[in-house]
Amino acid sequence: MSENGIGAAVRRKEDHRFITGGGRYTDDINRPNQVYAYVVRSPLAHARITGIDASEALSRDDVIAVLTGADMAAEVVGGLPCGWGVCNKDGSPMAEPAHPPLATDTVRYVGDQVAVVIATSRAAARDAAELVDVDYDELPAVTDLASAGADGAPQIWEEAPANVCFDWEIGDSAAVDEAFSKATQTASLDVVNNRLIPNAMEPRAAIGDYDRGKDEYTLFTTSQNPHVIRLLMGANVLGIPEHKLRVIAPDVGGGFGSKIFHYAEEAIVTWASKRLGRPVKWTADRSESFVSDAHGRDHISHAEIAMNDDGEFLGLRVRTTANLGAYLSTFAPSVPTYLYATLLAGNYKTPAVYCEVKAMFTNTVPVDAYRGAGRPEASYLLERLVDKAAKVAGLTPIEIRRRNFVPNDGFPYQTPVALEYDSGDYFAVLDKALEISDYDNFAARKKASANKGLLRGRGLSTYIEACGIAPSNVAGALGARAGLYESGTVRVNPTGSVTVLTGSHSHGQGHETTFAQLVHEALGVDIDAIEVVHGDTGKIPFGMGTYGSRSLAVGGMALVAALDKIKAKARKIAAHLLEASEDDVEFENGELRIAGTDRAVTFGDVALAAYVPHNYPLDVLEPGLEETAFYDPKNFTFPAGCHICEVEVDPDTGVVNVDRFCAADDFGRIINPMIVEGQVHGGVTQGIGQALFEECVYDNESGQLLSGSMMDYCLPKADNVPNFDVATNVTLCQHNALGVKGCGEAGAIGAPPAVINAVVDALSEYGVEDIAIPATPQRVWQAIQSASR
Amino acid sequence: MDIKGEYQIGASREQVWAALNDPEVLKRCIPGCESLEKTGETDMQAKVMAAIGPVRARFNTTLKLENMNPPQSYTLAGESKAGAAGFGRGAADITLTEQDGGTLLSYTADFKVGGKLAQVGSRLVVGATRKIADDFFSKFSLELDPRAQRLDEDIEVEAAGLSRNTWLALAGAILVLLIWWFLLR
């Protein structure tokens with residue numbers, strides 16, 4: 001292994017600029033003659049707009065315009081599009097109501113965009129927004145899933161009777177019924193997956209800049225996928241052809257899914273910049289992010305599992321209701337369906353699985369993908385249920401899992417819910433986790449905790465996820481309205497440095513380092529002479545962006561394909577320079593050598609010859625050394641792992657302290673172990689956040705968001721998490737040349753069930769079998785109190 | 001949320017009723033009231049500066065007198081808009097009863113907020129509203145009778161209980177400090 005190649009813990013190239021204040025985020029960018037937008041949002045969860053009086057705001061000298069839904073509707077092509085269609089059980093399409101960037105006649109959640117004030121400064125726009133007088137006729141609202149489906153519930157959309165967006169199913173219902181009829185033991189679980197608010201460190205921002213001379217638009221935005229935004233906004237909302245619209249997503253401070261989607265503000269500033277003839281900038285403040293960034297999770301499920309006498313799973317039946325919020329966000333329908341129910345087989349060889357999902361509209365912020373997107377919901381449900389099943393079957397949590405794992409010789413494994421797992425060794429990651437968690441000495445630690453008056457519990461989860469999203473033909477068959485390949489360009493510059501243009505986008509993942517390692521490994525170019533460029537539709541041929549742990553498995557593979565083309569051409573050039581046959585030229589360590597001789601040219605010589613083709617086979621080869629490749633994955637990738645958590649619960653206060661957390665993961669081949677470890681740390685911390693702290697709460701009567709600030713929405717902090725013990729066990733992905741699977745979401749998927757299983761274990765001496773998530777001190781204390789009585 | 005209060009005012013029921021319908025009196029008594037004008041027989045328009053938790057905003061308020069039953073009772077209903085800060089909406093049922101040669105004023109108030117006010121201040125709304133209502137009715141009672149008394153003392157009792165604990169804690173802390181000082185001398 002080279003010092004900076006595949007497998008090396010290369011320090012992140014991007015960190016120097018980040019930690020020295022050199023990062024350049026959207027809000028750091030200012031355009032000449034720029035003005036500022038502030039969005040007037042609905043304070044009501046559901047209401048008809050009966051009038052907007054902006055006269056007082058417009059009377060201010062520093063206010064340039066107040067634009068409303070009516071202004072926008074008259075000029076734009078359409079509403080914010082949904083990129084994924086899901087069908088009902090009977091094959092009919094889902095309800096897909098219009099989503100105007102600015103509400104025209106009705107608002108449907110607190111935070112819905114009503115008007116935009118544009119002024120000469122941010123403060124002026126904000127002050128003037130206070131003066132915009134909007135009259136509403138309030139309508140009854142509904143925010144929770146149970147009420148949304150009740151008889152007589154307020155109707156949010158005419159086209160969605162009973163607030164149902166779609167009623168979907170997957171799997172073989174009859175086969176599951178048969179499994180239950182044969183079962184000798186069953187276990188069941190009712191479970192809520194708590195609604196989360198993403199809270200990326202950098203709030204969203206956007207600048208629209210219209211160039212009248214060229215009739216061209218530039219949008220700077222906090223996006224995980226600028227090309228997707230260009231496609232959706234250009235074609236569906238504003239009617240701007242691709243060649244007239246450039247979307248730049250510069251440094252982005254965290255996304256976690258919430259910056260995948262095309263948001264109203266992007267369309268508003270782009271449209272307004274042409275209308276006003278000035279660049280328009282919008283930056284969210286933190287409070288605004290709480291009510292305008294897509295939320296995550298929010299499921300209610302009932303699950304049952306059928307077993308034989310040996311505790312082997314025969315069938316799984318799941319009924320889920322999912323909250324989509326008031327409008328369909330960009331990829332919302334895919335999350336509680338194809339990213340969720342397809343993962344319900346887990347790591348297990350359960351022969352029959354059936355899941356039905358009813359997705360509901362409510363008067364809440366739209367819900368879409370958030371770190372893990374569907375897979376944490378599946379993993380949480382399944383791993384809680386498996387622990388319950390272990391109790392019923394009288395087996396340990398380890399034994400029941402071992403009895404049901406897909407065996408190592410069972411790959412490729414076709415699940416009953418559409419996916420085909422290509423590789424894995426679930427036994428090995430379990431064993432690895434047991435080893436690093438010092439599993440066998442738990443009793444001594446439990447005693448030590450008891451001596452302090454604390455209840456120690458341990459929980460484990462074994463998870464699988466589908467990453468490397470996605471094979472386009474498969475995704476298309478499942479309702480995706482786009483391809484999910486990736487592009488990569490490798491541009492070798494005349495003096496031998498390399499510029500990489502990738503359609504993936506880095507917003508914390510460290511692509512500038514990981515992708516440089518791929519190039520270094522292939523071409524031997526010094527890692528400091530490799531520049532990774534991303535996030536600009538004006539520079540990069542095309543891209544589908546970063547989400548679903550896809551960057552390396554899809555974007556990295558596109559680069560590998562481009563690098564293969566570079567190597568092939570370099571060998572041709574070298575063969576000419578060395579006057580040898582191309583077949584005899586080997587490419588190794590940055591040199592192209594005639595095999596078995598000491599005659600070689602460096603890669604730098606080849607690059608120079610390609611751009612200064614004085615001695616060059618011009619009759620058969622073009623000058624230049626730049627190659628582009630598009631890569632469409634053959635399958636999803638399937639990272640898997642085992643997480644083990646130990647908690648200490650204070651029975652007097654209900655406070656849960658995560659004392660130990662071990663993660664053993666199989667991410668396939670690892671390019672940079674340090675970056676992988678960082679991704680696991682971040683994911684696990686978010687998972688612990690979901691398990692113990694984070695909960696989005698709406699007042700169901702008024703529809704107001706109650707957990708709308710950092711005072712009320714509790715994010716995990718450094719002192720809430722222990723030092724993590726992290727290990728990997730590698731099985732290679734079978735369908736990509738790198739053998740990589742992806743690691744970005746694993747922590748958020750594996751951690752919540754491990755933590756909750758540990759809390760339930762700690763409380764088991766009180767007879768507690770279940771606890772609602774997040775396991776806040778209040779909930780834990782109440783569980784103890786009601787059990788003690 | 002229901003907020004309640006009772007005041008014994010040394011004035012006739014008619015006097016109290018008249019004051020309750022006098023915009024000038026209301027203006028003086030509503031905390032943070034910057035202006036208040038009568039816009040109809042039973043309608044008023046007010047501008048009120050108020051803070052709920054971290055949100056401080058100017059509330060453009062429409063007040064409406066409803067369920068008029070002079071001189072016994074009415075409902076004071078209000079709707080406030082605070083621009084980007086959101087809105088508030090509330091009503092107070094006010095009853096006047098002749099008692100002990102004066103008038104017993106009792107009220108039940110309800111207040112709801114929305115938008116940013118609810119987002120960052122919902123936990124603080126009960127306390128803030130209680131204080132606003134309490135300030136208003138105290139001022140109003142004193143306006144008519146400098147010796148007016150609040151009868152339901154539950155809130156004060158709560159507050160006193162709290163402060164008693166605070167005093168005990170403070171006394172304890174001083175004691176500990178004294179002992180330390182004594183030992184270390």
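Values reported hereafter were calculated over all heavy atoms of this structure, with side chains retained and with hydrogens, waters and symmetry mates removed. Sequence lines set the chain letters: A, B, ... in the order given, protein chains first and strands last, and positions in each chain run from 1.
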Check for me whether A/R204 meets the cation-pi criterion with A/Y263, that is, NZ or CZ under 6.0 Å from the six-membered ring centre and within 45 degrees of the ring axis.
yes

Segment of A/Y713 engaging chain B (4.5 angstrom heavy-atom cut-off):
neither

B/A18 backbone acceptor or donor facing B/N21 side chain under 3.5 Å
no

Less than 4.5 Å to any heavy atom of chain B: does that hold for the side chain of A/D112, its backbone, both, or neither?
neither

Any donor-acceptor N/O pair, A/R286 side chain to A/M201 backbone, under 3.5 Å
yes

Would you say the side chains of A/T143 and A/N700 form a donor-acceptor pair under 3.5 Å?
yes

Does one side chain, of B/D93 or B/T75, offer a donor that lies under 3.5 Å from an acceptor on the other?
yes

Pick from A/E130, A/R126, A/R41, A/E288 with the largest number of heavy-atom pairs that fall under 4.5 Å of chain B:
A/E130

Distance-only donor-acceptor check, side chains A/R108 and A/H46, under 3.5 Å:
no

Give, as side chain, backbone, both or neither, the part of A/V39 having an atom under 4.5 angstrom from any heavy atom of chain B.
neither

Toward chain B, the part of A/V40 with a non-hydrogen atom under 4.5 Å:
neither

Of all of A/G703, A/S709, A/S702, A/S287, which one pairs up most often with chain B through heavy atoms under 4.5 Å apart?
A/S287

What part of A/E56 gets closer than 4.5 Å to chain B, counting heavy atoms only: side chain, backbone, both or neither?
neither

